[in-house]
Amino acid sequence: MASRKESMSTPTAPMVSTSSGATLDSPVKQIQIEGLVVLKMIKHYQEEGQGSEVVQGVLLGLVVEDRLEITNCFPFPQHTEDDADFDEVQYQMEMMRSLRHVNIDHLHVGWYQSTYYGSFVSRALLDSQFSYQHAIEESVVLIYDPIKTAQGSLSLKAYRLTPKLMEICKEKDFSAEGLKKAMIGFEHMFEEVPIVIKNSHLINVLMWELEEKATVADKHELLNLSSSNHLEKSLQLLMDRVDDMSQDIVKYNTYSRNLSKQQQQKHQYTQRRQQENAQRQTRGEPPLPEEDISKMFKPPQPPPRMDTLLIAGQINNYCQNVKEFTSQNLGKLFMAEALQGHNS
Amino acid sequence: MSVYGPVVKIHPVVLASIGDSYERRNEGASRVIGTLLGTVDKHSVEVTNCFSVPHNESEDEVAVDMEFAKNMYELHKRVSPSEVIVGWYATGFEITEHSVLIHEYYSREATNPIHLTMDCALQSGKMNIRAYVSAPMGVPGKTVGVMFTPLCVKHKYYDTERIGVELLQRTRDAPNASSGLTSDLCQVGKAASRVQDMLATVLTYIEDVLSGKQAADNSVGRYLMDLVNKVPKISAEDFETMLNSNINDLLMVTYLSNLTQAQIALNEKIVACSAEGRCALSVCSRAQGNCNRRADHLLGMASAEQSCSSFHQQHCA
């Protein structure tokens, strides 16, 4: 097997920016991405993802101590065409085999997905990430937000399922009792892992060259003042989710009302039974046989709580994004005010 | 720079990929080769993707794994059907005779392939990214040779790519070649400080001109005029109203999102309690449903107000 001929210094230095200091109780404490992976993801969405389609791909890399290093990636074709006989697994196997020939790390360590305004908390994502994390303990899902990136700064987040959620998914116990036992709230579904971007020295040289040769005019999108479009869309999505949420709550309400009605009916039935039995005893007749109450009154199906949890998580995500956006825009507005102050 | 042939536009992802495959080359190999994918235009060739192809090179022979190249191309075509083979690349500074052979092979795959070289060993202290196209030369009828003529190389970025590259540029300054991702107001602060730096440069130039140290340049003066006039002159009251309405919108949206977050947290607590005691639940849940509906209503009003205020702004400005 060929050795990796590059002069990357052993990355034992601490990361430059840290998250809120909360330690994650998971095997992966930090993600290290190479610049190449970032560029590939950007290109993939740019070329194949127009029309708010979600693009996905596989991440390759290796695990070093408590760090997950992502060194390469390859995109997944879309499912839109009539490729009924298209075998995803085969595509993946072929790709990884070929990449191994050119000494690219062929270990599957996760997957990436693009998102539309931050809406990615869905059943599909949960299932995929669960199967990944079940097979490979350290895998992550990278969420790339192209719209936010186009507004001025790269938006890349890495998520893993919390161990509590993994337990629940394993047992497939999605009822309210199950969730309460594990004490899962919507904040404890995903944990975010901090990302660090690291480039080898050769790539750094390339960066210097690009800076020198390709001075593309900086468009300063980050200082753009217009915000209403983005806010409208975000609010629209938020409204839809809140609608879903209220429907869910109505369902749960009816369920609990049915349940309590049923309890009452059961109670009444047993009471009546007892009364009758007492009467019969006074009359000297044999008591009626005890019937199985539970067979007569079938308990109503409790609605699954997993969807509610997902919706709550999604709403939370939208709110976070909106708040971040508004805080940035407030700053920009005050700057614009200062600029006007000079003039007037 | 010769103007014969098309202009070659390269995306940064291709260069990073080539650098990466150079770092991962086999023991004993002095250079790596691979296929370039992209689109061909009337006057230009845009290279958007590439993959490396294993090959063996020795003094007198060269062997390229063509099966592999074909396979990889098929796989890539599944993802981006619009990309075609436009040429090939090799790391290194010179064009050897083996390159001619390999170029011949690629001529079969693509019409007029381009050959890209990138010097990863930094022989001349720089990376020297060059592109060539082959042209036949020689006396017709007798031995015909092949000449590689250089082409004009341009770097092309998508907007998002540029932003990504900007982030990657930060790693070259960090001591251990790594950098994290910032968020929120830090980014606006950074962008603002960049503009500040640019303004400082312009200011020093102006002061030099004023004090006579530098000769005044008319074109630069015109740019400066444009710059100063770009700040729109709006009457103070109009600006106040615009600013206030914008700030109000943003604050309202922040308030609503906080409200919604509190709402869902509350909902969860109630459901958690309800798993035990069902009696008081129905009342609470009904109240919860009402709150949610009101939040929904407020959000609807908010987005309507958004569109109104943006409409209003467009008419004001």
Side-chain angles (χ1 to χ4, degrees), chain A residues 2 6 13 15-17 35-36 38-39 42-43 46 75 77 95 98 101-103 149-150 153-154 176-177 180 185 195-199 202-204 206-207 209 214 216 222-223 228 231-232 235 239 242 246 249 253 256-257 260 312 315 319 322-324 326 328-331 333 337 340 344, chain B residues 12-13 15-16 19-20 23-24 26-27 52 54 72 75 78-80 127 155 157-158 160-164 167-169 171-172 176-181 184-185 187-188 191 231 236 239 243 246 250 253-254 257 260-261 264 268 272 275 278 281-282 285 289 292-293 296 299 302-303 306 310:
Chain A
E6 32 96 21
M15 47 186 169
V16 172
S17 85
L36 176 64
V38 172
L39 288 175
I42 294 178
K43 164 202 143 56
Q46 190 71 30
M95 201 60 161
S98 312
H101 276 290
V102 285
N103 302 334
T149 307
S153 65
L154 182 66
E177 281 83 16
K180 181 175 176 274
I195 298 181
V196 168
I197 297 190
K198 189 171 171 71
N199 279 328
L202 188 62
I203 304 288
N204 273 344
L206 177 67
M207 290 291 136
E209 284 245 351
V216 184
L222 199 48
L223 294 175
S228 41
L231 279 179
E232 262 190 58
L235 282 181
M239 264 169 41
V242 171
S246 39
I249 291 183
N253 274 355
S256 45
R257 236 178 292 141
S260 55
I315 293 181
C319 292
V322 164
K323 284 201 283 197
E324 208 175 282
T326 51
Q328 283 184 334
N329 267 49
L330 278 174
L333 282 176
E337 185 185 14
Q340 278 291 327
S344 57
Chain B
V13 65
L15 300 171
D20 184 63
E23 287 172 353
R24 292 169 185 275
N26 281 322
E27 291 268 2
S52 70
M72 274 298 249
L75 290 175
R78 290 260 185 85
V79 180
S80 1
M127 259 188 175
H155 295 272
Y157 296 79
Y158 298 127
T160 38
E161 267 184 343
R162 183 171 39 82
I163 295 171
L167 181 70
L168 298 179
Q169 301 278 15
T171 66
R172 59 169 207 235
N176 58 344
S178 68
S179 89
L181 300 173
D184 261 24
L185 223 44
Q187 293 166 338
V188 180
V231 179
F239 187 74
L243 188 74
N246 257 339
L250 294 174
V253 173
T254 317
S257 40
T260 321
Q261 274 182 316
I264 43 179
E268 234 171 65
R278 291 196 185 345
L281 162 72
S282 46
S285 300
N292 264 2
R293 253 170 276 137
D296 193 19
L299 283 171
S303 93
Q306 279 290 331
S310 62

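Proteins get letters first, then strands, A, B, ... in listed order; numbering begins at 1 in each.
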Checklist entry - Could you walk me through whether A:I42 and B:I163 pass the side chain to side chain contact (heavy atoms under 4.5 Å, CB included) check? => result CA-CA 10 Å; A:I42 294 178; B:I163 295 171; over 6 Å; no
Heavy atoms only: give me the nearest [X]-[Y] pair and the separation to one decimal.
{"X": "A:A312", "Y": "B:I264", "answer": "O-CD1, 3.4 Å"}
{"X": "B:G19", "Y": "A:L202", "answer": "O-CD2, 3.7 Å"}
{"X": "A:V102", "Y": "B:P54", "answer": "CG1-CD, 3.9 Å"}
{"X": "B:F239", "Y": "A:E337", "answer": "CE2-CA, 3.7 Å"}

Using 0.5 Å steps for rounding, measure from the [atom1] atom of [X] to the [atom2] atom of [Y].
{"X": "A:M207", "Y": "B:L15", "atom1": "CE", "atom2": "CG", "result": "8.5 Å"}
{"X": "A:T326", "Y": "B:N246", "atom1": "OG1", "atom2": "CG", "result": "12.0 Å"}
{"X": "B:S257", "Y": "A:I315", "atom1": "OG", "atom2": "CD1", "result": "12.0 Å"}
{"X": "A:M95", "Y": "B:R78", "atom1": "CE", "atom2": "CZ", "result": "10.5 Å"}
{"X": "B:T160", "Y": "A:L39", "atom1": "OG1", "atom2": "CG", "result": "10.0 Å"}
{"X": "B:D20", "Y": "A:N103", "atom1": "CG", "atom2": "CG", "result": "10.5 Å"}

Next on the checklist: At a 4.5 Å cut-off on heavy atoms, which part of A:V322 comes close to chain B: side chain, backbone, both, or neither?
Outcome noted: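 It is the side chain, since no backbone atom gets that close.
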Item to check | Test side-chain hydrogen bond (donor to acceptor under 3.5 Å, both in side chains) applied to A:S98 - qualifying residues, sequence neighbours left out | outcome: none
Next on the checklist: Suppose we screen for side-chain hydrogen bond (donor to acceptor under 3.5 Å, both in side chains). Which residues come up paired with B:Q261, at least two apart in sequence or across chains?
Outcome noted: A:N316, A:Q320, A:K323
Checklist entry - Are B:L168 and A:N204 side-chain neighbours, meaning at least one heavy-atom pair lies under 4.5 Å? => result no
Next on the checklist: Please determine whether side chain to side chain contact (heavy atoms under 4.5 Å, CB included) holds for the pair B:E161 and A:K43, giving the CA-CA distance in whole Å, both sets of side-chain angles, and the decisive distance to 0.1 Å.
Outcome noted: CA-CA 7 Å; B:E161 267 184 343; A:K43 164 202 143 56; 4.1 Å; yes
Checklist entry - When only pairs under 4.5 Å are counted, which of A:N329, A:V38, A:L330 shares the most heavy-atom pairs with chain B? => result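 Of the options given, most contacts go to A:L330.
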